[in-house]
Number of protein chains: 4
Amino acid sequence: MTPEEAVTTRASRRSPRPRADAARNRDRIVAAARDVFVEHGTEAPLDEIAKRAGIGNATLYRHFADRRSLLRAVVLLIMCRVADHAERAAAETVDSLTALRRFVHDAVDERVGAVCGLLIDGGGQDSAEVAVQCRRVEATCETLMDRARHAGQIRADIGLRDLVISMSQLARPLPGIEYRDADAHRHLDLLLDGLRVPAPAACGAPGGAEERSVTYTEHAA
Amino acid sequence: MTPEEAVTTRASRRSPRPRADAARNRDRIVAAARDVFVEHGTEAPLDEIAKRAGIGNATLYRHFADRRSLLRAVVLLIMCRVADHAERAAAETVDSLTALRRFVHDAVDERVGAVCGLLIDGGGQDSAEVAVQCRRVEATCETLMDRARHAGQIRADIGLRDLVISMSQLARPLPGIEYRDADAHRHLDLLLDGLRVPAPAACGAPGGAEERSVTYTEHAA
Amino acid sequence: MTPEEAVTTRASRRSPRPRADAARNRDRIVAAARDVFVEHGTEAPLDEIAKRAGIGNATLYRHFADRRSLLRAVVLLIMCRVADHAERAAAETVDSLTALRRFVHDAVDERVGAVCGLLIDGGGQDSAEVAVQCRRVEATCETLMDRARHAGQIRADIGLRDLVISMSQLARPLPGIEYRDADAHRHLDLLLDGLRVPAPAACGAPGGAEERSVTYTEHAA
Amino acid sequence: MTPEEAVTTRASRRSPRPRADAARNRDRIVAAARDVFVEHGTEAPLDEIAKRAGIGNATLYRHFADRRSLLRAVVLLIMCRVADHAERAAAETVDSLTALRRFVHDAVDERVGAVCGLLIDGGGQDSAEVAVQCRRVEATCETLMDRARHAGQIRADIGLRDLVISMSQLARPLPGIEYRDADAHRHLDLLLDGLRVPAPAACGAPGGAEERSVTYTEHAA
DNA sequence: AATGAATGAGGGTTCATTCAT
DNA sequence: AATGAATGAACCCTCATTCAT
């Protein structure tokens, strides 16, 4: 599903035609914004984005009234793709855990880290379209996790939120450090390994989750 | 080791005495900066920090020439404490994996996520003092990881960098979302579980690291 | 006289025909501009005017090269009508003072306050057409005032400029306050009463013009 | 009463001391703003005001958070002085009509036209301090007008609002035309003459208020 | 001819940093 | 030493005007 389709079916709109060059500009802006947000964070100057997109600053404002609006478009773009990946993974991959794995890595490739936090707890708090995509992701992931849980592949105490937050955090660009996809992929693999059962602790290694959970509780206090 | 000791032994300096109230102000500023950086990111207005510290803005500049300088001091504070925790964990905890676990949770409690990125790749690239602390952390962690590796507790393909980056990322505050220590602790536990051997794959669950590594290679291309 | 006639006789122009719809657009723009200038001042965004006229912004620029040009057209429109009113009042109303009264109220209804200042001192300093209309107004008013003066109806120390400026000012919209024609009409009546002779002072009331003129001189110093 | 006193008695405030140079700057800014507003309208660039005051633009923002805030200060300054003039005129001038006359001319000299509209209908809608000064003006004028009415000096159908609006409008700078105090004073004199009774019409001149009121009603329709 | 889109210049406001008390 | 105040540079956003369909 493309973001355009996500917003509304074109036919139902009044706008006579979204002039080809304008549409191309819009896409360029969103793509540039995504990259700049990844590199410099969501507080990056919009002028930088405009320059990267090869347009004047005012043109950016013609397409997006303010920073939030642009951010929303980026989130929508990413979330549409991520949701697509989730559904495709669920449809095409028989093993649930493998599907989850495929999903998180695809999400990282979609720069999901650029908009971390925005897809949590409903995501686009102020955008119905984004919320729809978030729900697509949630629904698909929940299904996959349920199946994996029932198959005894992943621990029962892991929820959707854990997956989404961890994924977003690990995929986030590190300020001051050049962004490394490789790290995100690698650490997500480690984390996914941690989700699996039998929990490593059950394999005989000393110092299991219980042990930590004690310490953890202390910290939570 | 306190940050003051970390900087230099006082005796070798000219400054006759660092007036008690000035020293107190300095500490207040660093503490306030740490908290503000955690809450609003490292781009937060310095005036906000000064206000939080209960001092005038110019006083902040008397102590720290510019933003970088203040940031360095915060990093140094955190890294000193984190290094202390690392060494204490190594000294007091017999089991290496348990020591690592203790260390990462203590680091989160020290708000290590606030300065993520600054302690990677040598850390304070422009600060010898910070570099010293980073090396303390690195040395201790490397020792612990070596011991754990040799004891067959953690996988052989995991390096120090993996631990430090993951820890920093998972402990980072999520913009727009209220910071939750609990999430960081929880997800670090999951990640640590993923570091352990026998790898979950070896426990019989389908879809091991090898499988992923294939996909991963594709992504890396 | 319509503004079109005022500009030039069509026959002398090259333009083959001013396509009916184009002419209609032009009129709409000028009317919209007049209203917007009244409501939001002469600094109002031109896009607002275009939208109000129901046309695209570029169409506005096809008709009027820049803001000044549009403003001139509005002034011309208003001044043509105001001049018409002046001449009609002079022709149809026997009593000169009554004719003046009729004139000023008609002028207010033509939104003369919207372009205040532009019709003073020659009016459209940069427009021959406007200047022509200004002269029509001036000539007619001068005649009427002369007649009223000679008939002993109005004071001898009142000039055309007094009338025009006062009228413009009192008819001006008050920023932040919803425009009230009623106030303008009311206060113009009061002012016209002040023009009359025998001066109120002569009617026996204390504190006449002479008295004030003293104070006034002080202020002028 | 100075604006400072109008805001609050200094003693009751926490602010340790309003540093002399800062206070001087504040006064300079308000004075510059008043002049610029008179010359170029209340939409004039704030940078222009800062330059005129001989300070940096940011200093202006330190003293006044936004344009409204600055405007309020100007209004307060003017209204305090105007209210002082009103009370002084009432106290020192025996004849009520003469007092009113003195008042309006003093108000013009205080550049009351710069803030026209802001003193109508309660004045500083968002400022209690301004509202207080407006009420001082209103109360004094109402008293003066009452006395003049009872003494048969002015017409009974004239209200406070008529006086205030007319005064503000006539004293307003004409955009594009250099501001002329003389015109304002002159036209206010004429208007005040119009307020007097016996109404000029009663003096025998043809075309009185009744006649107009007919036309007027037509217009109002 | 009409229009949506593009754009550069300019104004409002914030903030890191410097100055004067 | 501590502070309130001052400042210029940078960013966001608007708008008059031009361009391309």
Side-chain angles (χ1 to χ4, degrees), chain A residues 15-26 43-50 54-67 70, chain B residues 18-26 43-50 54-70, chain C residues 17-26 43-50 54-70, chain D residues 15-26 43-50 54-68 70:
Chain A
S15 47
R17 241 179 308 173
R19 251 170 59 167
D21 59 342
R24 204 177 326 120
N25 272 345
R26 208 196 115 101
E43 308 299 317
L46 297 194
D47 282 15
E48 167 70 19
I49 294 172
I55 58 162
N57 59 350
T59 302
L60 188 152
Y61 283 94
R62 163 169 287 269
H63 287 281
F64 303 98
D66 54 13
R67 171 179 237 97
L70 174 57
Chain B
R19 256 173 57 169
D21 59 342
R24 206 179 323 118
N25 273 346
R26 210 195 115 99
E43 309 297 317
L46 295 195
D47 279 18
E48 167 71 18
I49 294 171
I55 58 161
N57 59 350
T59 303
L60 187 152
Y61 280 90
R62 169 164 296 273
H63 288 281
F64 303 98
D66 55 12
R67 171 180 232 98
R68 290 193 64 81
S69 174
L70 174 56
Chain C
R17 245 182 304 174
R19 254 172 58 167
D21 60 341
R24 205 178 324 117
N25 273 346
R26 212 196 113 98
E43 309 297 318
L46 296 194
D47 279 18
E48 168 70 18
I49 293 172
I55 58 161
N57 60 350
T59 303
L60 188 152
Y61 279 91
R62 170 164 297 274
H63 288 280
F64 304 98
D66 56 12
R67 170 180 232 96
R68 291 192 62 83
S69 174
L70 175 56
Chain D
S15 46
R17 243 180 306 175
R19 252 169 59 167
D21 58 343
R24 205 179 326 118
N25 272 345
R26 209 197 115 100
E43 308 298 317
L46 296 193
D47 282 16
E48 168 70 18
I49 293 172
I55 58 161
N57 59 350
T59 303
L60 189 151
Y61 282 93
R62 163 168 287 270
H63 288 279
F64 303 98
D66 54 13
R67 172 178 238 99
R68 289 194 65 82
L70 175 57

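Just so we're on the same page: letters track the sequence lines, and every chain starts at 1.
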Notebook entry, point to check: In terms of the nearest nucleotide of DNA chain E, which residue is placed more toward the 5' end: A:L60 or D:A65?
Noted result: A:L60
Next item on the list: To the nearest Å, give me how far apart CG (D:N25) and P (E:dA20) are.
Entry: 13 Å
Item checked: Short side-chain to backbone donor-acceptor contact, A:R67 and A:E43, under 3.5 Å -> yes
Check: Over how many whole Å does the gap from A:H63 atom NE2 to F:dT14 atom C1' extend?
Finding: 16 Å
Note to self: Side-chain N or O of A:T59 versus OP1/OP2 of E:dA5: is the shortest distance under 4.0 Å?
What the structure shows: no
Check: Base, sugar-phosphate, or nothing for B:R67, non-hydrogen atoms under 4.0 angstrom?
Finding: sugar-phosphate
Notebook entry, point to check: Rounded to the nearest 0.5 Å, what separation is found between the CG atom of A:D66 and the OH atom of A:Y61?
Noted result: 8.5 Å
Next item on the list: Rounded off to whole Å, could you give me the CZ-to-C1' distance for the B:F64 and E:dT18 pair?
Entry: 18 Å
Next item on the list: Would you mind classifying the nucleic acid contact of C:N57 as base, sugar-phosphate or nothing, using non-hydrogen atoms under 4.0 angstrom?
Entry: base
Notebook entry, point to check: Closest nucleotide of DNA chain F for B:A58 versus for D:G54: which of these residues is on the 5' side?
Noted result: B:A58
Check: About how many Å separate CG of B:L70 and CZ of B:R26, when rounded to the nearest 0.5 Å?
Finding: 9.0 Å
Next item on the list: Rounded off to whole Å, could you give me the CD1-to-P distance for the D:I49 and E:dT13 pair?
Entry: 11 Å
Checklist line | Watson-Crick or G-U wobble partner of E:dA20, both distances under 3.5 Å | finding: F:dT3
Margin query: Distance check needed: E:dC15 C1' versus B:Y61 OH, whole Å only.
Written below: 8 Å
Check: CD1/C:I55 to CZ/C:R62 distance, rounded to the nearest 0.5 angstrom?
Finding: 11.5 Å
Next item on the list: Look through every strand shown and name the nucleotide pairing with E:dG11 as Watson-Crick or G-U wobble, where both distances are under 3.5 Å.
Entry: F:dC12
Note to self: In this structure, how many angstroms lie between the C1' atom of F:dC13 and the CG atom of C:D47, rounded?
What the structure shows: 14 Å
Notebook entry, point to check: Closest to the C:D66 side chain: E:dA1, F:dT17, E:dG8?
Noted result: F:dT17
Next item on the list: May I ask you to say what B:A50 touches in the nucleic acid, namely base, sugar-phosphate or nothing, with a heavy-atom cut-off under 4.0 Å?
Entry: nothing
Check: C:L46 CG to F:dT18 P: how many Å, rounded?
Finding: 12 Å
Next item on the list: Among the candidates F:dT3, E:dA6, F:dT17, find the nucleotide nearest to the side-chain atoms of B:I55.
Entry: F:dT3
Next item on the list: First locate atom CG of B:N57, then atom CD1 of B:I49, and finally report the distance between them rounded to the nearest 0.5 Å.
Entry: 12.0 Å
Notebook entry, point to check: How many Å lie between CZ on A:R62 and C1' on F:dC13, as a whole number?
Noted result: 14 Å
